[in-house]
A.B. asks: 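For reference, the structure I am asking about is given below.
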Amino acid sequence: MKICVLPGDGIGPEITAEAVRVLKALGLKMEMEEGLIGGCAVDAAGTPYPEATQKLAREADAVLLGAVGGPKWDSQPRELRPERGLLGIRKDLNLFANLRPAILYPELANASTLKPEVVAGLDILIVRELTGDIYFGQPRGVREENGERVGFNTMVYSESEIRRIGRVAFEAARKRDKRLCSVDKMNVLECTQLWRDIMIDLAKDYPDVELSHMLVDNAAMQLVKAPKQFDVMVTGNMFGDILSDEASMLTGSIGMLPSASLDDKQKGLYEPSHGSAPDIAGKGVANPLATILSAAMMLRYTFGLEEQAVRIENAVKKVLAQGFRTGDIYEPGTNRVGTKQMGDAVLAAL
Ligand code: NAD
């Protein structure tokens, strides 16, 4: 197992250090090598995704990433922005499937802006296609027409693109509660009618998974009305962009949410859903749990080590039940700890 570790900027190094400690504690045979990405790579190598990092990432089975960015690099030209490093590595590794779980542990139900009974125990997974759709479709642009400017983009999905993301979603559903909801806008968009047709066709290969369909506007409503009705949701790039952010905010605790971006050979990039939190960087107070849970996703999706993934997830549940909280999830009556102490607590629970 070869893992490329890219701590990045801001709180990135602090939180990845804890995830690395947790991975090492499992006693598995794994090689880990660190590289630079984002602002720190711009400073050291003049580019956010240097060649040495590209080589490391390509040769690894999986990449564990912290976060990139910060005010120091905000005024850089576009190609030297830290976020370019992130786009670069996603494209380079052909990571077309983005998996974002939104889990609300019962102990943190008060962190959500929704009523605790609506969200307590929430556990959904959004599978978003990441490399196609209107974000990449051609033609695109702004042109002059009849004396005014007209903006246009193209929503486009090929059958093979829909099939490969569909398979990822059906496989993910198989590892969970075996229910998959495909989200589209087939009543208006031909492109998403094709999406629905392909999902129905794919379902024949997964008789153990119950497939349903929902229009995206209804899905947005249902996510805030009754989010616990969902197990796995699969959708295109643009709808997924919006719905996955909506779903993550149901939990109200950004420091808890992991993510995975996969290619078609189970190689993956694993990172927390949050950014580099420059406001708290270097203070030792960041919540490392999203990154630790990202490491669990790595074990599950790239290495097929379900048992070890569950061990980490159970350890996280245990530390929450024991009352350990970093500042972002702190409530009076719980035990406020820093990044390293939270890592220690997870190790002890393991
Ligand atoms: P952010 O997620 O970094 O921070 C938003 C708020 O959440 C801040 O108050 C921060 O302190 C808090 N927060 C985030 N993660 C936390 C954690 N683990 N523990 C405790 N508190 C946490 O978003 P932002 O402030 O909009 O962006 C900051 C920088 O991060 C920007 O440069 C942005 O471009 C970058 N960014 C990077 C990624 C990524 O690397 N994937 C994603 C989003 C933003």
Side-chain angles (χ1 to χ4, degrees), residues 97-130 165-185 195 199 203 206 208-262 268 270-274 289-290 292-294 296-298 300-301 306 309-310 312-314 316-317 320 329:
N98 184 226
L99 274 61
R100 271 171 67 170
I103 296 174
L104 185 56
Y105 301 93
E107 294 86 0
L108 302 182
N110 287 329
S112 175
T113 48
L114 297 189
K115 293 189 189 110
E117 64 267 28
V118 176
V119 284
L122 177 79
D123 181 358
I124 60 182
L125 174 70
I126 302 219
V127 179
R128 167 190 171 195
E129 203 287 331
L130 209 54
I165 190 71
R167 288 205 182 280
V168 170
F170 274 103
E171 295 287 344
R174 254 189 185 164
K175 295 191 171 119
R176 297 174 42 106
D177 198 34
K178 301 185 174 50
R179 290 181 295 120
L180 176 63
C181 178
S182 168
V183 176
D184 59 42
K185 188 73 183 169
W195 177 282
M199 290 296 160
Y206 300 88
D208 50 328
V209 177
E210 180 194 315
L211 174 69
S212 62
H213 307 274
M214 199 176 272
L215 297 175
V216 64
D217 39 350
N218 188 24
M221 286 197 293
Q222 294 300 326
L223 268 177
V224 283
K225 188 173 173 226
K228 285 192 266 185
Q229 70 183 282
F230 298 110
D231 177 27
V232 180
M233 300 173 92
V234 61
T235 190
N237 202 346
M238 179 167 60
F239 298 160
D241 190 0
I242 301 162
L243 293 181
S244 62
D245 265 20
E246 186 190 1
S248 66
M249 278 303 100
L250 297 175
T251 72
S253 39
I254 184 112
M256 297 294 305
L257 301 169
S259 82
S261 304
L262 308 175
Y270 299 85
E271 57 179 330
S273 296
H274 59 73
L289 294 179
I292 290 171
L293 291 167
S294 301
M297 288 187 85
M298 171 191 292
R300 171 172 296 124
Y301 291 107
E306 179 67 22
V310 171
I312 295 179
E313 288 161 354
N314 283 343
V316 168
K317 280 184 197 152
L320 293 174
I329 51 174

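What's counted below: heavy atoms across the whole structure, side chains too, no hydrogens, waters or symmetry copies.
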A.B. asks: To the nearest 0.5 Å, how far apart are CD1 in I126 and CZ in F239?
C.D. replies: 13.0 Å
A.B. asks: Testing the basics here: between V119 and A109, what is the closest heavy-atom pair and its distance to 0.1 Å?
C.D. replies: CG2-O, 4.5 Å
A.B. asks: May I have the step-by-step check of side chain to side chain contact (heavy atoms under 4.5 Å, CB included) for L262 and Y270, ending in yes or no?
C.D. replies: CA-CA 9 Å; L262 308 175; Y270 299 85; 3.3 Å; yes
A.B. asks: Going by the rule ring-ring contact (aromatic ring centres under 6.0 Å, His included), which residues pair with F170 if we only count those two or more places apart in sequence or in a different chain?
C.D. replies: Y206
A.B. asks: How close do I124 and P227 get, heavy atom to heavy atom, and via which atoms?
C.D. replies: CG2-O, 3.7 Å
A.B. asks: Using side chain to side chain contact (heavy atoms under 4.5 Å, CB included), reason through L289 and L320 one step at a time and then give a plain yes or no.
C.D. replies: CA-CA 10 Å; L289 294 179; L320 293 174; 4.2 Å; yes
A.B. asks: Quick one: pull up CD1 in I329 and OH in Y105 and give me the separation to the nearest 0.5 Å.
C.D. replies: 10.0 Å
A.B. asks: Could you check whether any side-chain N or O of S294 sits under 3.5 Å from a backbone N or O of P258, counting only pairs where one atom can act as donor and the other as acceptor?
C.D. replies: no
A.B. asks: So, do M233 and Q222 sit near enough that their side-chain heavy atoms are less than 4.5 Å apart?
C.D. replies: no
A.B. asks: Between atom OG of S259 and atom CG of L99, what is the distance when rounded to the nearest 0.5 Å?
C.D. replies: 8.5 Å
A.B. asks: With a 4.5 Å limit on heavy-atom distance, are the side chains of V168 and Y301 in contact?
C.D. replies: no
A.B. asks: With side chains defined as the heavy atoms from C-beta onward, is the minimum distance between R100 and L257 less than 4.5 Å?
C.D. replies: no
A.B. asks: Answer yes or no: is there a side-chain heavy-atom contact under 4.5 Å between L293 and I103?
C.D. replies: no
A.B. asks: Measure the shortest side-chain to side-chain distance between T235 and D184 over non-hydrogen atoms and say whether it is less than 4.5 angstrom.
C.D. replies: no
A.B. asks: List the atom of S261, the atom of N98, and the distance in Å for their closest heavy-atom pair.
C.D. replies: OG-ND2, 3.2 Å
A.B. asks: With a 3.5 Å distance limit and no angle check, can you tell me whether S112 reaches the backbone of L250 through a side-chain donor-acceptor pair?
C.D. replies: yes
A.B. asks: I want to check something: taking the side chain as every heavy atom from C-beta on, are M214 and Q229 in contact at a cut-off of under 4.5 Å?
C.D. replies: yes
A.B. asks: According to the salt bridge (Lys or Arg N to Asp or Glu O under 4.0 Å) rule, which pairs have a member within residues 220-243, sequence neighbours left out?
C.D. replies: R128-D241, R176-D231
A.B. asks: Report the distance from atom CG of L114 to atom CG of L223, rounding to the nearest 0.5 Å.
C.D. replies: 10.0 Å
A.B. asks: Decide side chain to side chain contact (heavy atoms under 4.5 Å, CB included) for M256 and L104; before the verdict, give the C-alpha distance in whole Å, the side-chain angles of both, and the deciding distance to 0.1 Å.
C.D. replies: CA-CA 9 Å; M256 297 294 305; L104 185 56; over 6 Å; no
A.B. asks: For residues W195 and S182, report the shortest heavy-atom separation together with the two atoms involved.
C.D. replies: NE1-OG, 2.9 Å
A.B. asks: Can you tell if the side chain of T251 reaches within under 4.5 Å of the side chain of L108, non-hydrogen atoms only?
C.D. replies: no
A.B. asks: Taking the side chain as C-beta and beyond, is there a heavy-atom pair between M297 and P101 under 4.5 Å?
C.D. replies: yes
A.B. asks: Any chance you could lay out the side chain to side chain contact (heavy atoms under 4.5 Å, CB included) test for D177 and D123, step after step, and finish with the verdict?
C.D. replies: CA-CA 10 Å; D177 198 34; D123 181 358; over 6 Å; no
A.B. asks: Nearest 0.5 Å, what's the NZ-CE distance between K185 and M238?
C.D. replies: 11.0 Å
A.B. asks: For V216 and V183, which heavy atoms make the closest approach, and how far apart are they?
C.D. replies: CA-CG1, 3.5 Å
A.B. asks: For E129 and I165, work out which heavy atoms get closest and say how close.
C.D. replies: CA-CD1, 3.8 Å
